[in-house]
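First the structure, in the form of structure tokens, and then the observations on it.
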Amino acid sequence: MLKQDMNILVIGGAGYIGSHVVKALLAHGDSVTVYDNLSTGCRENLFPQCRFIEADIRDYSALQAAMQDAERPVDAVVHLAALKAAGESMLEPERYAEHNIAGTIKILNAMTAAEVPFLVFSSSAAVYGEPQYLPIDEHHPTEPTNFYGATKLEIERLLKWYSQLRGLRYASLRYFNAAGYDPDGEILGIERNPANLLPVIMEVALGRRPHLQIFGDDYDTPDGTGVRDYVHVTDLAGAHILALDHIAAKQQNLVLNLGTEHGVSVREVFELAERITGREIPMAVAARRAGDPAKLMASSQAAREVLGWVPRYSDPETLLQTAWQAYLRSDSGIASVSGSDSS
Ligand code: UDP
């Protein structure tokens with residue numbers, strides 16, 4: 001480790017993954033400023049110890065101010081601010097290009113202007129597209145099948161150039177299916193209008209939506225439903241700390257998958273959710289969702305070898321248990337239902 005107490009700007013730090021990363025950085029002893037436009041992130045996710053800047057990544061002067069007017073120089077940026085709905089990205093590519101690609105260029109330019117040396121970037125398994133083999137390792141071809149994945153891949157290409165031309169050191173972390181909530185129950189914001197499987201199931205269990213639609217049960221998988229590699233958000237957050245320490249200490253760039261190498265089917269998630277919530281979850285099989293591959297699983301051997309990363313909370317029971325606790329809290333009024341993700 002290079003430095004114990006780094007000063008870190010977390011862009012998208014009020015979102016679902018961002019807030020878990022902030023919690024991990026604070027526990028690691030770092031100083032954190034959260035930069036977020038609160039479009040999907042939420043105030044309940046802000047930790048009182050953090051400075052907060054409410055601003056958009058398309059606002060270059062706000063980025064410059066965040067990187068240059070801080071009480072002390074920013075040592076590193078963690079960038080998790082993005083639009084992330086794959087289906088929507090196919091219908092509104094301009095908005096995705098503007099937020100994800102143009103917004104990130106502004107972040108990179110503000111970083112080079114302020115000489116901020118380190119970046120941890122939220123990338124995605126969506127950079128790979130249709131799997132050509134499983135589990136997917138980092139050498140797998142990158143041919144995104146949706147524009148969201150294409151924006152993440154474009155940014156990865158830019159990172160290489162900024163590294164070569166400006167000496168930026170970065171870690172690009174390709175998340176598989178982020179799920180679960182803070183096991184300590186400290187992170188209170190719940191996603192608004194979720195489209196991902198676990199939050200949808202939670203909303204059905206609470207009666208906030210009528211039923212779960214299983215998108216296809218005729219895939220070439222053991223029970224016919226889609227198989228994914230779910231990874232706990234607290235495990236993802238831990239990988240950010242390890243990655244930052246690594247790039248700072250070794251002055252090396254990293255591109256790493258974060259997944260567990262274990263596939264779980266939609267039907268298995270549904271059945272486990274009924275058991276853990278103790279509630280009946282109305283379900284109907286619907287048509288396949290466009291662009292959904294049958295199976296996605298990561299090889300995370302590189303993250304284990306390079307970072308010593310070991311997922312601790314990513315078993316299906318803990319994923320669902322921690323998610324259910326968070327939704328029960330939100331339902332009992334301890335937290336208000338609000339925004340979420342920025343990955
Ligand atoms: N899924 C489903 N119903 C839903 C949401 C998702 O059957 O309401 C399925 C989806 O087809 C996929 C898996 O659950 O097989 C995970 O989907 P999610 O949107 O959570 O993540 P993705 O893998 O698309 O990033």
Side-chain angles (χ1 to χ4, degrees), residues 15-17 40 80 82-91 96 100 122-131 134-136 140 144-153 173-181 190-206 208-233 236 257-274 281-298 314 316 319-320 323 327 340-343:
Y16 167 54
I17 300 175
T40 54
L80 311 102
L83 302 178
K84 63 146 193 167
E88 185 185 68
S89 75
M90 301 296 276
L91 304 171
Y96 275 70
N100 293 9
S122 291
S123 188
S124 167
V127 299
Y128 295 114
E130 191 65 35
L134 289 168
I136 295 175
H140 186 284
T145 50
N146 56 62
F147 189 65
Y148 162 71
T151 65
K152 295 287 179 183
L153 189 59
L173 303 179
R174 294 174 172 170
Y175 311 150
F176 280 65
N177 288 65
Y181 269 85
I190 295 293
E191 195 164 8
R192 222 175 4 224
N193 304 320
N196 292 116
L197 182 64
L198 263 76
V200 166
I201 288 183
M202 295 293 119
E203 289 200 355
V204 177
L206 289 177
R208 289 183 194 162
R209 57 171 94 195
H211 66 280
L212 164 71
Q213 288 185 296
I214 290 189
F215 296 142
D217 68 351
D218 55 354
Y219 284 104
D220 182 17
T221 60
D223 66 20
T225 66
V227 169
R228 294 289 180 277
D229 184 339
Y230 296 91
V231 53
H232 197 284
V233 65
L236 288 182
N257 286 344
L258 296 177
T260 66
E261 310 195 356
H262 296 292
V264 184
S265 76
V266 176
R267 197 178 288 279
E268 285 171 326
V269 174
F270 158 73
E271 284 170 2
L272 188 59
E274 282 204 320
I281 298 173
M283 178 274 278
V285 175
R288 291 182 180 193
R289 190 170 61 178
D292 269 358
K295 282 190 209 169
L296 277 182
M297 273 169 293
S314 296
L319 287 167
L320 278 159
Y327 274 80
S340 97
D341 201 311
S342 359
S343 69

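Numbering of ligands and ligand atoms starts at 1, following listing order. Here the structure is a predicted model, which is why all the values come from computation and not from measurement. Note that these values count all heavy atoms, side chains included, but never hydrogens, waters or copies made by symmetry.
Looking at N196 against ligand 1, both its backbone and its side chain come within 4.0 Å, counting heavy atoms. Within the 4.0 Å heavy-atom criterion, the part of A195 lying near ligand 1 is the backbone and not the side chain. Contact annotation: for L198 versus ligand 1, there are no heavy atoms closer than 4.0 Å.
With atom 3 (N) of ligand 1 as the reference point, the heavy atom nearest to it among R288, Q213, R267 is part of Q213. Between K295, E203, R289, it is R289 that holds the heavy atom closest to atom 24 (O) of ligand 1.
Residues D229 and T260 have side chains that bring a donor and an acceptor to within less than 3.5 angstrom of each other.
Protein heavy atom at the shortest distance from atom 10 (C) of ligand 1 is D292 OD2, 3.4 Å. The nearest heavy-atom contact from the protein to atom 23 (O) of ligand 1 is R228 NE, 2.7 Å. Closest to atom 22 (P) of ligand 1 among all protein heavy atoms lies N177 ND2, 3.4 Å. Protein heavy atom in closest approach to atom 20 (O) of ligand 1: L197 N, 2.8 Å.
At least one heavy atom of Y230 sits closer than 4.0 Å to an atom of ligand 1.
The heavy-atom pair separating I281 from V204 by the smallest distance is CG2-CG1, 3.7 Å.
Under the rule for a ring pair (Phe, Tyr, Trp, His ring centres under 6.0 Å), the partners of Y128 that lie at least two apart in sequence or sit in another chain are H140.
Checked by distance only, ligand 1 and F215 come closer than 3.5 Å through their nitrogen or oxygen atoms.
Annotation for ligand 1: atoms under 4.0 Å from non-hydrogen atoms of G226 are 15 (O).
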